2 protein chains.
Amino acid sequence: MARMKTVKSPWAGRDRNAEREEKREAVLHAAAEAFAERGYHRTSLDDIAARLGITKPTLYYYARNKDDLVSAVATRALDRILEAIEGDRESTALAQLQHLLRHYAEVMATDFGRCIIVVLDAHIGGPGGDLMQRGMRQIDARMRELLALGTEDGSIARGDPKLTAFMIAGALNGIARWFDEGGALSAAMVAEKFVNQLTAGLAPRR
Amino acid sequence: MARMKTVKSPWAGRDRNAEREEKREAVLHAAAEAFAERGYHRTSLDDIAARLGITKPTLYYYARNKDDLVSAVATRALDRILEAIEGDRESTALAQLQHLLRHYAEVMATDFGRCIIVVLDAHIGGPGGDLMQRGMRQIDARMRELLALGTEDGSIARGDPKLTAFMIAGALNGIARWFDEGGALSAAMVAEKFVNQLTAGLAPRR
DNA sequence: ACATGGAGTTACTAGTGAGTAACATGAAGT
DNA sequence: ACTTCATGTTACTCACTAGTAACTCCATGT
């Protein structure tokens with residue numbers, strides 16, 4: 001990977017910036033991994049630094065502080081869920097909900113997704129933490145909305161949207177606790193099965 | 001309320017022991033409250049002591065250490081769930097599962113129940129932590145067993161017992177995250193609705 | 001009165017971990 | 001060669017918290 005740059009733009013040595021971005025990326029990945037497997041408090045900045053073969057102060061060159069680090073990771077995962085929040089207007093509410101849930105589930109099976117939970121129950125404050133709270137609220141609100149719409153268009157059975165949304169979120173958040181990257185089931189398969197099971201329920205359909 | 005003891009047994013001043021037990025109880029309640037609302041790491045022993053109007057060393061008079069404290073609390077909750085593990089042999093597997101889930105859900109809505117989750121994701125080790133792990137495994141195993149039995153007796157639809165058990169556990173564990181003692185819904189009502197929703201699924205039954 | 005020991009306190013140790021200051025190095029531009 | 005700046009490092013500070021030592025105090029039984 002030699003530097004092929006011939007025309008050096010006066011401002012912003014492109015290479016430098018690209019390299020820096022790349023490193024920031026590596027920092028976030030290492031952080032995600034560490035936080036995902038050990039939680040917030042049991043993960044020290046020295047741990048993360050060690051994973052990268054650097055020292056703690058260097059980390060501070062790429063992140064403002066510990067909260068910033070974990071928030072950045074979690075926010076990235078949150079955004080991936082939020083992308084799925086607007087479904088196809090033509091579909092039934094149930095189909096739109098299923099679409100959202102599938103994405104939600106898949107994200108929760110990643111290290112980045114796990115960090116959403118980490119941020120949430122470590123009570124990370126500051127702008128990063130607040131952003132997470134708002135994002136999760138937004139997802140919750142959308143789920144409730146789709147549940148309500150679904151009872152109208154007939155695609156979803158009547159029920160308490162608030163409780164049902166909590167139930168679904170709980171089931172999906174739980175994935176973060178047990179999913180194993182190297183296991184037999186891929187994230188997509190888990191997502192698929194969860195959605196089906198939530199949709200169908202336990203009792204047999206006659 | 002008053003100490004009505006007239007015959008003082010030579011050994012073991014009954015009063016003393018009773019009082020001590022009472023205090024140990026108060027310590028566990030304060031600990032449960034603290035751990036439930038702030039998690040393991042954000043709860044200091046000074047916090048707990050302060051809730052009781054005593055000092056930290058006094059706490060050590062009633063508990064071996066921090067881990068012992070949180071484990072004791074969680075174990076107590078766990079036992080309440082385990083009580084419901086053996087259902088009525090006459091009932092269908094679905095009914096037995098529902099019975100277990102109802103209890104599980106109700107416990108998760110208490111401070112003690114919340115501490116199960118706290119212990120689990122703070123990775124508390126030692127005898128207390130191991131006991132929790134085993135207990136949770138036992139519950140998981142029983143759920144899978146009932147799910148399998150249910151497909152046989154026809155009370156439960158076919159599905160992957162492992163995944164389904166994870167899904168259910170996730171939904172129920174989630175209760176710990178949001179349930180509000182002072183809210184509109186009682187723990188029993190939440191448990192009831194969760195069980196119904198899990199049983200019926202999202203899609204309408206025709 | 002006096003000894004005993006249960007219950008609690010004050011004042012510490014020791015370890016850990018976030019965050020920082022100040023210095024080192026090396027590549028790029030002049 | 002000389003400066004500059006990005007990138008790291010070493011070596012700290014500072015705060016916090018689990019756990020302990022060594023006492024004080026008071027109720028009880030003799």
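Computed from a prediction, not measured in an experiment: that's the story for all the values here. Reminder, nothing fancy here: chain letters follow the sequence lines and each chain counts from 1.
In the set C/dA18, D/dT9, D/dA18, C/dA18 carries the atom at the smallest distance from any side-chain atom of A/Tyr60. Residue A/Leu45 has its side chain nearest to C/dA18 when only D/dG19, C/dT9, C/dA18 are considered. You'll find that the side chain of B/Tyr62 is closest to C/dA7, out of D/dG19, C/dA7, C/dT9.
Residue-to-nucleotide contacts include no donor-acceptor pair under 3.5 Å from the side chain of A/Lys66 to the base of C/dG19.
The side chain of A/Arg20 contributes an N or O atom lying less than 4.0 Å from OP1 or OP2 of D/dT7. OP1 or OP2 of D/dG8 lies within a sub-4.0 Å distance of a side-chain N or O belonging to A/Lys23. When the side-chain nitrogen and oxygen atoms of A/Thr55 are compared with OP1 and OP2 of D/dT9, one or more of them lie within a distance under 4.0 Å. OP1 or OP2 of C/dA7 has at least one side-chain nitrogen or oxygen of B/Tyr61 nearer than 4.0 Å. For the pair B/Ser44 and D/dC16, the criterion of a side-chain N or O lying under 4.0 Å from OP1 or OP2 is not met.
Distance CG (A/Leu59) to C1' (C/dT20): 14 Å, rounded to an integer number of Å. If you measure from atom NE2 of B/His41 to atom C1' of C/dG15, you get 15 Å, rounded to the nearest angstrom. Atom CZ in B/Arg64 sits about 12 Å away from atom P in D/dT20, given to the nearest Å.
B/Tyr61 does not carry B/Arg24 over the face of its six-membered ring by the limits of under 6.0 Å from the centre and within 45° of the normal. Both the sub-6.0 Å distance and the 45° axial angle are not jointly satisfied by B/Lys66 relative to the ring of B/Phe35.
When B/Arg51, B/Arg177, B/Arg114 are each tested for a salt bridge (Lys or Arg N to Asp or Glu O under 4.0 Å) with B/Glu37, only one passes: B/Arg51.
Contact annotation: the side chain of B/Asn173 approaches that of B/Tyr104 to within less than 4.5 Å [non-hydrogen atoms, C-beta and beyond].
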